[in-house]
Amino acid sequence: ETGVTQTPRHLVMGMTNKKSLKCEQHLGHNAMYWYKQSAKKPLELMFVYSLEERVENNSVPSRFSPECPNSSHLFLHLHTLQPEDSALYLCASSQDLMGRNYGYTFGSGTRLTVV
Amino acid sequence: GEDVEQSLFLSVREGDSSVINCTYTDSSSTYLYWYKQEPGAGLQLLTYIFSNMDMKQDQRLTVLLNKKDKHLSLRIADTQTGDSAIYFCAESAPSGGSYIPTFGRGTSLIVHP
């Protein structure tokens, strides 16, 4: 266990469903991130939160909606997804946005399949 | 081209050294990282190097940085089958007060007996 826990580990959803991914960290970190990992593509940064405020949104479609209720929890709400959204969604945290010294701690990811 | 480039595959024999290479484009890069991803897992930080260093050694791992050529390498000595994984190079540079890293596509290291 890395200290960053993601649930569920696997998710299969239809294009009309609504689901949420959850990320939890108890490392005392102040910054949290959502990344999308697709086969043979660079890791794509989706959202960044620092002290529960969104600081970056890299042109992600509105069918992905993040929520950060406190510094330990991060959610990614999904609705009306497309098959090309199937990927591994990784959550990460860091002490701050500087990411120094200890870099980023990643969770094990949620493998999402959209059918 | 991409900001961080790596070859996609590397195959080595157990006991040999592995060298994974990476090039990046941002000359203001301050931190450079190597992450390892095993099947079914997230990325795990292996090591990092500051841009004012040219080498860092940590047990079987040696990181070399050529800042002039913007080239980073990771050498794994005495490679074992347990080293089989995807290795990601990442760089971060200051941008609006943060240092959010940019990752490469990852190099799949295959270690065979």
Side-chain angles (χ1 to χ4, degrees), chain A residues 1-10 21 23-25 27 29-51 53-58 74 87-111, chain B residues 1-9 22-26 28-53 56 58 61 63 72 74 85-108:
Chain A
E1 281 298 326
T2 63
V4 177
T5 304
Q6 289 187 246
T7 53
R9 290 296 306 273
H10 301 272
L21 310 185
C23 177
E24 189 172 351
Q25 60 92 5
L27 300 169
H29 288 172
N30 292 317
M32 296 185 78
Y33 312 78
W34 280 116
Y35 283 89
K36 177 183 178 183
Q37 186 178 24
S38 306
K40 303 297 184 281
K41 282 189 182 180
L43 217 57
E44 296 173 54
L45 178 65
M46 298 176 73
F47 299 103
V48 180
Y49 276 82
S50 175
L51 297 170
E53 264 193 48
R54 189 191 303 183
V55 296
E56 190 153 335
N57 171 2
N58 281 355
L74 185 65
L88 182 69
Y89 287 84
L90 291 166
C91 174
S93 69
S94 63
Q95 195 160 348
D96 51 38
L97 289 179
M98 306 297 278
R100 288 171 290 191
N101 301 329
Y102 302 105
Y104 294 73
T105 303
F106 282 84
S108 298
T110 295
R111 173 68 62 188
Chain B
E2 291 173 4
D3 294 331
V4 179
E5 292 198 3
Q6 307 175 236
S7 54
L8 291 181
F9 297 99
C22 168
T23 56
Y24 59 96
T25 57
D26 192 340
S28 61
S29 293
T30 306
Y31 303 96
L32 296 122
Y33 307 89
W34 283 104
Y35 284 83
K36 176 183 181 182
Q37 186 180 32
E38 296 182 0
L43 278 68
Q44 172 198 356
L45 179 66
L46 276 182
T47 187
Y48 64 93
I49 189 169
F50 297 113
S51 59
N52 61 357
M53 299 166 66
K56 181 176 181 181
D58 184 0
L61 305 179
V63 178
L72 184 74
L74 174 69
I86 303 175
Y87 290 81
F88 290 87
C89 170
E91 60 87 17
S92 64
S95 173
S98 65
Y99 285 76
I100 298 171
T102 300
F103 290 84
R105 294 186 179 208
T107 299
S108 291

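In what follows, chains are A, B, ... by sequence order, proteins preceding strands, each numbered from 1.
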Could you verify whether a donor N or O on one side chain and an acceptor N or O on the other, from A:Ser94 and A:Tyr33, lie under 3.5 Å apart?
yes
For the residue pair B:Ser108 and B:Ile86, what are the closest heavy atoms and their distance?
OG-CG1, 3.7 Å
Heavy-atom proximity to chain B below 4.5 Å, by part of A:Arg9:
side chain
With a 4.5 angstrom heavy-atom cut-off, could you sort out which part of A:Leu45 is near chain B: side chain, backbone, both or neither?
side chain
For B:Ile100, is it the side chain, the backbone, both or neither that has a heavy atom under 4.5 Å from a heavy atom of chain A?
both
Hey, what's the ring geometry for B:Phe103 with A:Phe106, parallel, tilted or perpendicular (30° and 60° as the breaks)?
perpendicular
Closest heavy-atom pair, B:Gln6 versus B:Trp34, reported as atoms and distance to 0.1 Å, is NE2-CZ3, 3.8 Å
Is it the side chain or the backbone of A:Val55 that comes within 4.5 Å of chain B heavy atoms, both, or neither?
neither
Between B:Tyr31 and B:Phe50, does the ring centroid distance fall short of 6.0 Å?
yes
Residue part contacting chain B, namely of A:Gln37, when any heavy atom lies under 4.5 Å
side chain
Side chain / backbone / both / neither for B:Gln44 at chain A, heavy atoms under 4.5 Å:
neither
